[in-house]
Amino acid sequence: MANHQLHLTERDVAMLAGEMGAATQMAMRILAAMAGVYGAESLLDIESAHIDGCLYHGLSGLEFAERLVSGGGRVAVPTTLNVGAMDLIHPEVFRGTTQVGQWATRLMEAYQAMGCRPTFTCAPYQAMHRPALGAQIAWAESNAIVFANSVLGARTNRYGDFIDICCAITGRAPDVGLHQTANRRGQLLFRLRDIPARLLAEDVLFPVLGYWLGARTGTKIPVIDGLLPQTTEDQLKALGAAAASSGGVALFHAVGVTPEAPTLDAAFQGQPPEGVVEVTLDDLKSALGVLSTAPDGPIDVVALGSPHFSLDEFARLLPLVEAHPPRPAVEFIVCTHRLALAALQQRGWLARLRAAGVQVIVDTCVVVTPIVRARGGVLMTNSGKFAHYAPGNIGLQVVYGSLEECVRSAAGGVVWRDDGLWAGEQGGGGVGESGQYSVGQYPVGQYSVGQYSVGQLEEPSELVTRHSSLVTAEPATRSSPPATPSELNTDPLNTALVLDSPLSLWGGLEPTTGDIIDQRHPQCGANVTGRVLVMPVGKGSSSASSILLEAARLGTAPAAIVLAEMDGILALGAAVAREMYGVEVPVVVAGESYGRIRDGGQVDVSPDGAIELVL
């Protein structure tokens, strides 16, 4: 049944009643549930969708997609696909097991069977899917979301796996959040102060600025003042991707650069900012230490293309790599999409790149699937997103650098630095004579609970749990058994695991074990299984919902998740776990009780969202 606060059209009601098929009914049921989570009073029509759920994270995602296919699911709007776990054009590059490769391919094919376009890219906006300014869309994948909102001025919330295809099938999305003009107003002002003119024009700046910004912004909307008017689309792409990795940024404004911020006043819609932060060169140089998890030295891999490499980026790479080809012992991998690959072939660039020792991958990327030969060592990248996720996802340590630094390091087999990149205006104060960036100085993710306005919410516990009555408890037809209560440790009293900072479940949680694997997280190594997981909010990838669903299937999920601020992606994973397997993982906004929960304390979180502390 529908949430009593959600107003549905006759067509919505027909979809919810099953008059348009089982898959559409399931999609509308999940969509109505999530509209309740968001507090939406109605749904709106969308023009397009981008699907993140085609990437294989385990059998649960495949079972979800194939259930939609078996129910006759078809997309109602133009819909593109994010990367999968296979390069379908070059399947021989996959280094995983045959069985996982088959499951991953089945998942990609299932979404194609529903009418999705086989773009298989995290950068659909550079692959002929560019919504217009003000277009209402439903996009998942963290960098695609922030690019569509910020650079194109289209309108999407920070959607996760599963709701993306539900929106595509129904052609509808919750009319709330970033879909509405008033909610797109900037909140925090970041002023760039005394940043050298050379650095402002360099690509290497933007992942660093984004990573620094995301950690300090959380889920708020930052406004950046001080970027050059000629800042490129690829630079903004890199900034947004990094900010959406270290934080939960879905929209940023850059004054005089992005479409909704022609002026500072326009970015804030005539309102004063909630806070003003000056960003100095020292702030940015300190961020370099966190992007790198290994000191400068020998490297084993160079990986570029997260988000996927554009033709402009290949145009900059080609002369560099021909002048400085990588050593045979150093893998040099660039990830891109099919349209870019076709253009590279047409221009004769692909043969030249391969002759220089570059491997070009499509449909996927190195941090989502086993492609890299090396099973240990150091990966160098110019991508803030690769730098963030590689240690947890593929077990390689990372060194961050510019495109030229990556190319010349691959040629020498050891990190090469351009010492002038991060120097001040007078050439001083750079990275030092050694040319090394220090590791681990920058405290990413220092969130205080007080910065979240959860106290303004009426009955905050209901905000995330009101979906419970909307989502059917009937298990789906499945090939794998659901987790049992004993596997999930559903004792009414569970021990709290209080995290010091937000966690992205994708890249941060291993669903087969329940272990936290994000090396930069203060609680790395802790296990969440059967615990009440307490953290300020989620962050990072749209795939967090997939990881939570797979953990629920395997019996490694938390008993409940308690937040200081609502997170729709985590609530989505819980809603689909109930839809698919009848497994309850309550996701609750705690309100005033958040600060009273102590690590190791006993907490009772009921399915309806009530929290009881045993002091």
Side-chain angles (χ1 to χ4, degrees), residues 122 142-143 203-212 214-215 238-239 241-246 284-307 309 326 329-335 359 361 365-410 412-418 421-422 431 435-445 504 506-508 510 516-521 524 539-541:
C122 56
S142 59
N143 106 85
D203 294 348
V204 72
L205 166 71
F206 292 86
V208 178
L209 175 59
Y211 205 74
W212 186 91
L239 188 160
S245 298
S246 63
L284 298 177
K285 286 193 291 185
S286 68
L288 290 168
V290 170
L291 280 172
S292 296
T293 63
D296 289 358
I299 63 170
D300 303 280
V301 184
V302 166
L304 312 174
S306 183
F309 237 45
V330 177
E331 293 180 77
F332 200 111
I333 302 172
V334 185
C335 303
Q359 183 181 18
I361 298 292
C365 80
V366 299
V367 297
V368 304
T369 200
I371 291 175
V372 176
R373 290 196 309 269
R375 288 294 177 262
V378 176
L379 178 150
M380 190 170 186
T381 185
N382 70 339
S383 161
K385 191 169 183 179
F386 272 168
H388 180 77
Y389 288 115
N393 280 6
I394 61 174
L396 294 177
Q397 299 308 305
V398 292
V399 172
Y400 174 78
S402 69
L403 179 63
E404 182 181 7
E405 287 174 330
C406 288
V407 171
R408 297 188 66 168
S409 297
V414 66
V415 173
W416 176 91
R417 291 296 186 190
D418 176 353
L421 271 179
W422 295 92
V431 294
Q436 293 196 4
Y437 303 151
S438 61
V439 177
Q441 296 179 349
Y442 174 52
V444 171
S504 171
W506 187 76
E510 173 51 59
I516 295 176
I517 57 173
D518 180 354
Q519 294 184 13
R520 297 179 179 89
H521 199 279
C524 182
K539 70 170 187 176
S541 175

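This one's a predicted model, so the numbers in the text were calculated from it and none came from an experiment.
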May I ask you to test the [X]-[Y] pair for a side-chain heavy-atom distance under 4.5 Å?
X: Pro391; Y: Val398; result: yes
X: Cys335; Y: Val366; result: yes
X: Ile371; Y: Ile333; result: yes
X: Val415; Y: Ser409; result: yes

Got a sec, which residues hit side chain to side chain contact (heavy atoms under 4.5 Å, CB included) with [X], two or more places apart in sequence or on another chain?
X: Ala410; answer: Val302, Pro326, Val330, Phe332
X: Glu404; answer: Leu320, Ser402, Arg408, Trp416
X: Pro370; answer: Phe94, Arg95, Arg375

Just grab all the salt bridge (charged side-chain N to carboxylate O under 4.0 Å, His left out) pairs involving residues 384-403, residues at least two apart or on different chains.
->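 Qualifying pairs: Glu141-Lys385.
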Just how far is it from atom OG of Ser306 to atom CG of Asn382, taken to the nearest 0.5 Å?
->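 Separation between the atoms: 10.0 Å.
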Please round to the nearest 0.5 Å and tell me the distance separating atom CG of Leu396 and atom CG of Asp300.
->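 Between Leu396 CG and Asp300 CG, I get 7.5 Å after rounding to 0.5 Å.
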With sequence neighbours excluded, tell me which residues meet side-chain hydrogen bond (donor to acceptor under 3.5 Å, both in side chains) with Gln397.
->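 Residues passing side-chain hydrogen bond (donor to acceptor under 3.5 Å, both in side chains) with Gln397: Thr293, Gln519.
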Partner of Met380 by side-chain contact (heavy atoms from CB on, under 4.5 Å), out of Asp296, Ile299, Leu304, Val407 |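 When Asp296, Ile299, Leu304, Val407 are each tested with Met380, the side-chain contact (heavy atoms from CB on, under 4.5 Å) holds only for Ile299.
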Between the main-chain N or O of [Y] and the side-chain N or O of [X], is there a donor-acceptor pair closer than 3.5 Å?
X: Asn393; Y: Val367; result: yes
X: Glu405; Y: Asp418; result: yes
X: Tyr211; Y: Ala387; result: no
X: Tyr389; Y: Val368; result: no
X: Arg520; Y: Leu291; result: yes
X: Asn143; Y: Cys122; result: yes

For Phe309, all residues meeting ring-ring contact (aromatic ring centres under 6.0 Å, His included), sequence neighbours excluded |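 Partners of Phe309 under the ring-ring contact (aromatic ring centres under 6.0 Å, His included) test: Phe314.
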